[in-house]
Engineer: 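This is the structure I have questions about; it appears just below.
Quick note on labels: first sequence line is chain A, next is B, and so on, each numbered from 1. Note that this is a predicted model, so its numbers are computed, not measured.
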There are 2 protein chains.
Amino acid sequence: MSDALPSPPATRAPRPTMRDVAALARVGIKTVSRVLNNEPNVSPETAERVHRAAAQLHYEINSVAGNLRRSGNSTKTVGLVVGHVANPFSGHIHAGVEEVLYPQGYSVLAASLDDDAEREQRLVREFLRRRVDGLILTTISAEQTYLLPELSRGLPVVFVDREPCGVTADAVVGDNAGGAREATAHLIAHGHRRIACLADRDSLSTSVHRVEGYRLALKEAGLPYEPELVTTNINSADAARAAVTALLARAEPPTAIFTAQNLITIGGIHALRDAGLQHTVALMSFDDFTLADALDPGISCVTQDPRSMGALAGRKLLERLGGDDSVASTIVSPTTLIARGSGEIPAPR
Amino acid sequence: MSDALPSPPATRAPRPTMRDVAALARVGIKTVSRVLNNEPNVSPETAERVHRAAAQLHYEINSVAGNLRRSGNSTKTVGLVVGHVANPFSGHIHAGVEEVLYPQGYSVLAASLDDDAEREQRLVREFLRRRVDGLILTTISAEQTYLLPELSRGLPVVFVDREPCGVTADAVVGDNAGGAREATAHLIAHGHRRIACLADRDSLSTSVHRVEGYRLALKEAGLPYEPELVTTNINSADAARAAVTALLARAEPPTAIFTAQNLITIGGIHALRDAGLQHTVALMSFDDFTLADALDPGISCVTQDPRSMGALAGRKLLERLGGDDSVASTIVSPTTLIARGSGEIPAPR
DNA sequence: TTGAAAGCGCTACCAC
DNA sequence: GTGGTAGCGCTTTCAA
């Protein structure tokens, strides 16, 4: 009984090379190279013969071999390290990078940090062995001095989301302090005086900046900074849920909460619901998520634009690849406040 | 005023080669190769000298050049095409693939389909030029016969999420028909007789299978199939919102809705809320999303495990890369029903 | 307009 | 143990 679909043989056949195409077209190998790379000075008839032979053999040019010899020794490949590809924030960064780099002929080797500082270095090393033309990195390690030899060699590196530590390099970051300040000021404007702040690990500069923004807003409003309302080093939704539950159980509970990260917001929402306080205690989130507007109340937030951040990082890298030698800069991508209800719950009087 | 941080020169310095290391260590280039590849038959003293020289020059082996000569002509690179890297479903597939391939020394070139069939072919072609060892593909094109030359050459290709068309190859897909059938049967079990079905484009096999599952459940329950309750070719949340709104405005509106995809569910939720019917009309979603349990009512769904699907696809590819010549197979990854409230709203009597 | 030869950085093979 | 030489598939250079 024969299958309707063409069933391919499982044998591994060698790929044709330019030499095979040249032989079939009865020309020199260099002529094949010229034709397939659209170089001038080939007669139309010869070009036609070459194209026909290439098509017949299903030949695809080998850019790996080509780039080995080609000037600049470039691979037209960029290494991208993000927090985790399964995280939508990382996904949007990836999308922005892709959007900018693929049209310019670059391919993207993507990998996840997975909260592992060692992995960060392993991945960078692997990318270097593959001779990527540049790197776009979200980092987790305490400092990136391990990149110094590469940077001093002129390898373009752009940091995204988190600023580098111990090295000078381009970076694209969200306005963490500014966004946190705006979120906190928003709560203050609705009458709140006791505002809790829940943040991620202190080892992350993003997290530290958000707490700073929170403090700045308090200071600007002449409110005291009360350490017992601030919990940091929260790294899961469950931890956030527990932390918020503990805060609400205090003698003087906060009347508003600023959750400085996505997962923390999710844990916070659960905790408020557990206590039946979702319409009583105000909540502002740093970072948005799907259906935040479908919850009751809708979740107010300040949101970054990770896709734009990825695109900016990609663009910066392209400039460096193009030979831009100007001094390293940090681009701050603005945040946007979205009011949906949870952040506009007034303070009790 | 001097910067505290080391500011790297912007000049592009050439990378050291094995020859440079060999010269510095006063050994032959082949010895450097042996040491750096952990091959035997090198005296400890020589190895030490080589390691020292390599470290001094910050030399990293060039795996691109090495693989050119190495047996099998492999690049230890795999090309991955997903729907869109910014989509969490795609992100989880990517994560699963990564999780399986990186430990085996493979790197992943990732790219997004972006709903563009031409892009699919462009990306595959680019990957072929980069001589990837294998491909993991989510497809959008009507048929993939353009892959036949590669498949017959023995290039390992694993399709993920959507089954191939026009070619025989391994695939990992979710249980689209089974999941849809289970979701629909769940609604029927809660007394519903008029169940709407909203699905994505008919050109997607996944979508077609989900509608089939819906029909099968109706049939098994002895319920009639009413075409006016089925809307397909919905490709955005807004379109879904409009479609549900239209359904609810009918003379005999459905008492339950099966939304056969993520974005459609989101649009459907909005439409039900617009009409104030979220506690009246039952809703089952195909695919889960963050905070689905925090909505009121919680959204019941059947969910796939895209991470596992990615891992299965990666594992299959590794087997093929390892020389497995067995006949192509399709792995069906099961779905799970999660009851949260929206799917358990009973039919009015 | 065409192609032969050299060489990109490395590994396979074989001599020492 | 060690290292030269050939060659992976291509582009560069240069001569025809």
Engineer: Look at all strands and tell whether A/Ser63 reaches a base, only sugar-phosphate, or nothing, counting heavy atoms closer than 4.0 Å.
Structural biologist: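 It contacts nothing in the nucleic acid.
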
Engineer: Please report the distance, rounded to the nearest Å, between CZ in A/Arg130 and P in C/dG9.
Structural biologist: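 Rounded to whole Å, this separation is 19 Å.
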
Engineer: For B/Lys30 and B/Ala65, take the nucleotide of DNA chain C holding the closest heavy atom to each; which residue's nucleotide lies nearer the 5' end?
Structural biologist: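 Here B/Ala65 is the residue nearer the 5' end.
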
Engineer: If only atom types and distance count, is the side chain of A/Thr145 paired as donor or acceptor with the main-chain N or O of A/Gly166 below 3.5 Å?
Structural biologist: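 The answer is no, because no donor-acceptor pair under 3.5 Å joins these two groups.
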
Engineer: Side chains of A/Asp114 and A/Ser112: any donor to acceptor distance under 3.5 Å?
Structural biologist: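 Judged by distance alone, the side chains do not pair up.
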
Engineer: Distance check needed: D/dA15 P versus A/Asn41 CG, whole Å only.
Structural biologist: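 The distance from CG of A/Asn41 to P of D/dA15 comes to 17 Å, rounded to the nearest Å.
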
Engineer: Looking across every strand, which nucleic acid part, if any, lies under 4.0 Å from B/Val27 by heavy atom: base, sugar-phosphate, or nothing?
Structural biologist: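 Since only primed, P, OP1 and OP2 atoms lie under 4.0 Å of B/Val27, the category is sugar-phosphate.
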
Engineer: Quiz question: going by heavy-atom distance under 3.5 Å, is there a donor-acceptor pair between the base of D/dG9 and the side chain of A/Arg15?
Structural biologist: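 Under the 3.5 Å cut-off, the side chain and the base do not form any donor-acceptor pair.
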
Engineer: Please give, in whole Å, the distance from C/dG9 C1' to B/Ile61 CD1?
Structural biologist: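 One finds 10 Å between C1' of C/dG9 and CD1 of B/Ile61, rounded.
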
Engineer: Between A/Ile29 and B/Ser43, which has a closest nucleotide on DNA chain D that is more 5'?
Structural biologist: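 First, find each residue's nearest nucleotide; the 5'-ward one identifies B/Ser43.
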
Engineer: Would you please confirm or rule out a distance under 4.0 Å between OP1 or OP2 of D/dT11 and any side-chain N or O of A/Ser33?
Structural biologist: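 Checking D/dT11 against A/Ser33, a side-chain N or O does come within under 4.0 Å of OP1 or OP2.
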
Engineer: Could you tell me whether a side-chain N or O of A/Thr75 sits under 3.5 Å from a main-chain N or O of A/Arg131, the two making a donor and an acceptor?
Structural biologist: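 Checked: pair present.
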
Engineer: Return the CG to OG1 distance between A/Asn41 and A/Thr31, rounded to the nearest 0.5 Å.
Structural biologist: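 These two atoms lie 10.5 Å from each other.
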
Engineer: Hey, could you give me the NE2/CG distance between B/His94 and B/Leu101, rounded to the nearest 0.5 Å?
Structural biologist: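 It is 9.5 Å, given to the nearest 0.5 Å.
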
Engineer: Could you check which of C/dT11, D/dT11, C/dG3 has an atom nearest any side-chain atom of B/Met18?
Structural biologist: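 Side chain of B/Met18 sits closest to C/dT11.
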
Engineer: How many Å lie between CZ on A/Arg129 and P on C/dG9, as a whole number?
Structural biologist: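 My rounded result for the distance is 17 Å.
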
Engineer: So, under a plain 3.5 Å distance rule, would you say the side chain of B/Arg34 forms a donor-acceptor pair with the base of D/dG3?
Structural biologist: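 Flag set: donor-acceptor pair detected.
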
Engineer: If you assign each of B/Leu68 and B/Thr46 to its closest nucleotide in DNA chain D, which residue comes earlier from the 5' end?
Structural biologist: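 It is B/Thr46 whose nearest nucleotide is closer to the 5' end.
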
Engineer: May I ask you to say what A/Asn62 touches in the nucleic acid, namely base, sugar-phosphate or nothing, with a heavy-atom cut-off under 4.0 Å?
Structural biologist: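 Counting heavy atoms under 4.0 Å across all strands, the contact made by A/Asn62 is with sugar-phosphate only.
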
Engineer: Rounded to the nearest Å, what distance is computed from the NZ atom of residue B/Lys76 to the C1' atom of nucleotide C/dC10?
Structural biologist: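 After rounding, the reported distance stands at 17 Å.
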
Engineer: Report the distance from atom CZ of A/Arg19 to atom P of C/dG3, rounded to the nearest whole Å.
Structural biologist: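 After rounding, the reported distance stands at 14 Å.
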
Engineer: Evaluate side chain to side chain contact (heavy atoms under 4.5 Å, CB included) for A/Phe89 paired with A/Val82, printing each intermediate quantity in order.
Structural biologist: CA-CA 9 Å; A/Phe89 186 84; A/Val82 292; over 6 Å; no

Engineer: Would you mind reading off the distance between A/Asp20 atom CG and D/dC10 atom P, rounded to a whole angstrom?
Structural biologist: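 The distance from CG of A/Asp20 to P of D/dC10 comes to 9 Å, rounded to the nearest Å.
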
Engineer: A/Asn67 has an atom CG; how far is it from atom P of D/dT11, in whole Å?
Structural biologist: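 Rounded to the whole Å, the gap is 9 Å.
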
Engineer: Can you identify which nucleotide, out of D/dT11, C/dT2, C/dG9, has its nearest atom closest to the A/Arg69 side chain?
Structural biologist: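 For A/Arg69, the side-chain atoms sit closest to D/dT11.
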
Engineer: So do B/Asp133 and B/Leu155 actually touch side chain to side chain, heavy atoms under 4.5 Å?
Structural biologist: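 B/Leu155 vs B/Asp133: side chains apart.
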
Engineer: Of the residues in residues 47-56 of chain A, which ones touch DNA chain D at a heavy-atom distance under 4.0 Å?
Structural biologist: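 Heavy-atom cutoff 4.0 Å gives no residues at all.
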
Engineer: Which part of the nucleic acid, if any, lies within reach of A/Asn37 when heavy atoms closer than 4.0 Å are counted: base, sugar-phosphate only, or nothing?
Structural biologist: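 Counting heavy atoms under 4.0 Å across all strands, the contact made by A/Asn37 is with sugar-phosphate only.
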
Engineer: Before you tell me yes or no, could you show the steps for B/Leu24 and B/Gln56 under side chain to side chain contact (heavy atoms under 4.5 Å, CB included), namely the whole-Å CA-CA distance, both residues' side-chain angles and the distance that decides it to 0.1 Å?
Structural biologist: CA-CA 9 Å; B/Leu24 185 60; B/Gln56 187 180 330; 3.8 Å; yes

